Amino acid sequence: MKSRDLRLIYDRSAPGHEGYRLPDLDVPEQPLDRILPKEALRAEPPLLPEVSEPEVVRHYIRLSTLNHHVDKDTYPLGSCTMKYNPKLNEDLCRLPGLAGIHPMAPEELAQGLLGLLHRFTGELAEIVGMDTVSLHPAAGAQGELLGIRLIRQYHDHRRNKKKTVIIPDSAHGTNPATARMVGYETVEVRSKEDGRLDLGALREVVNEETAGLMVTNPSTLGLFESEIAEASELLHSVDGLVYMDGANLNAMLGLTRPGDMGADMVHINLHKTFSTPHGGGGPGAGPLGIKAKLEPFLPVPVIVERDGRYLLDSDRPHSIGRLHPYVGNVGVILRAFAYIRSLGGDGLARISRGAILNANYLMKKIEEDYPVAKPGWCMHEFVSTLSWMRKQGVKNIDVAKRLLDHGVHAPTVSFPLIVPDCFMIEPTESESPTSLDRYAEILREIAREVREDPETVKSAPHRTPVRRLDEAGAARKLRVRWRPKPDGERGSND
Ligand SMILES: Cc1ncc(COP(=O)(O)O)c(C=O)c1O
């Protein structure tokens, strides 16, 4: 087949495409039993449920309502930014010219997609104040892994003898886990009374062996780290690097940028800030923004532009190697691209202002019953402490389960570890004042219950399709096979 023919298959707008037919494949037809071995052939038709279209539709609609999701109701899961995913994102990523490209298509057949990814790289870099971005990481945690591997490569290249990564005590668990995976020792630095990074304590632990600092800004307490520029300077004075965990970027879009605060790199959870689906543990994308000094170490291939053509460059001798089979989780990246394009720069800044306003509005409405651990104005989220409820025998997880009875989702209750009985609420900009008022009313109602009838809260949920589950067990022993019941009734998922 000539290369022009190939181009026509992929590029529907190419001249001469009209009326074009795929070439006939020169493969003689064969009955299946001639091609497959006997033992691989079925003796009888498979036992499949026979159902009509309305039954199939009802089945999936019913399934979609059994679990909670952001299209159903409020979902203020702190640090996870469960914002609404506009359907426009879906339209763009499903365009046949984008969705139909094979991941291994040669560069000349994927110029449109590569150009779009290249442009997106530049836009993301501009948003976070970095020199470039790697689209490879498939999650925030993988962005961290890439970042710390780049730190290691940077120091090895310069023959620096580095041993430790410093991490504040308010950090998400993936931060220390990542640093350890890459072979560093972790040093925890305590936060100040007001919850912010303690510069004095940081000075005590920074030394010539420090490889880097992993810092989340705004922090998981929903606080802006006002001394971040000084902290970055301190790290740079020992040739250490600053890794910013950008999980909470939703509070900074168009207002300030990690690169301007001295950070050398930042991961961007597209499935949080840029409204792509979280999925069940995926699919996600955690692109990593970096400063120019780290560019030689980026994973391959890197999309580069030469003479108006886009190429996949793998000839990079100092690269850490491959991180992702292709150049990233493209379906997710396209959705985020649609989101950013549809909002523009001013629109993005409005998103962050809205997220901050909503968080402060809700905090003020409920703080009497849900006292804030670190009082003051917050950014995108705030963390309450439910210690007074514990005296009634009620734990934060009980309140979380009771919220499900009201058809709304719970806040995060598993971290930050420095807040006892924490309750981390991130409403996002997606919620209207009416929905925030309703959520506040439900929370106040549950607080009343804790005082007057704690047993009802402790035994919640009461109205969900299933009660309390062994979530860790279910995640580790996943069984999703459809199984007909022996008496011929409706089947179930194990
Ligand atoms: C502060 C912070 N850092 C890192 C991560 C990890 O991101 P991901 O879930 O995309 O791997 C999370 C996830 O919740 C987070 O909240």
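This chain uses plain numbering: 1 for the first residue, then up along the sequence. All of these numbers come straight from a predicted model, not from anything done at the bench. Start at 1 and go down the list; that is how both ligands and their atoms are numbered.
Distances below 4.0 Å separate heavy atoms of E144 from the following atoms of ligand 1: 3 (N), 4 (C). Each of the following atoms of ligand 1 lies closer than 4.0 Å to a heavy atom of N269: 7 (O), 8 (P), 10 (O). The distance from ligand 1 to the heavy atoms of A139 drops below 4.0 Å at these ligand atoms: 10 (O), 11 (O). Every atom of ligand 1 with a heavy atom of A141 under 4.0 Å away is listed here by number and element: 6 (C), 7 (O), 8 (P), 11 (O). Heavy-atom proximity to G140, at under 4.0 Å, picks out these atoms of ligand 1: 7 (O), 8 (P), 10 (O), 11 (O). Atoms of ligand 1 found under 4.0 Å from any heavy atom of S79, numbered from 1 in the order shown, are 1 (C), 15 (C), 16 (O).
Of the charged side-chain nitrogens involved, at least one lies within less than 4.0 Å of a carboxylate oxygen, so that D71 and K87 count as a salt-bridged pair. Taking the charged nitrogens against the carboxylate oxygens, R468 and D398 do have a contact shorter than 4.0 Å, which makes a salt bridge. A salt bridge does not link E185 with K162: none of the charged nitrogens is closer than 4.0 Å to a carboxylate oxygen. A salt bridge does not link R180 to E144: none of the charged side-chain nitrogens sits closer than 4.0 Å to a carboxylate oxygen.
For atom 9 (O) of ligand 1, the nearest protein heavy atom (residue, atom name, distance) is H271 NE2, 4.3 Å.
When only interatomic distances are considered, the shortest N/O to N/O separation between D245 and ligand 1 falls below 3.5 Å.
Checking each of E227, E230, E225, M252 against M261 for a side-chain contact (heavy atoms from CB on, under 4.5 Å) leaves exactly one that passes, namely M252.
Aromatic ring pairs are classed by plane angle as parallel below 30°, tilted from 30° to 60° and perpendicular above 60°; the pair Y310 and H118 is tilted. Taking the six-membered ring where tryptophan is involved, the planes of F423 and Y370 are essentially parallel, since the angle between them stays under 30° and well short of 60°.
Ligand 1 has at least one atom lying under 4.0 Å from a heavy atom of K272. Not a single heavy atom of H278 sits under 4.0 Å from any atom of ligand 1.
In this structure, the side chains of V457 and R402 come closer than 4.5 Å at one or more pairs of heavy atoms.
When heavy-atom distances to ligand 1 are checked against a 4.0 Å cut-off, A247 comes that close only through its side chain, counted from C-beta outward.
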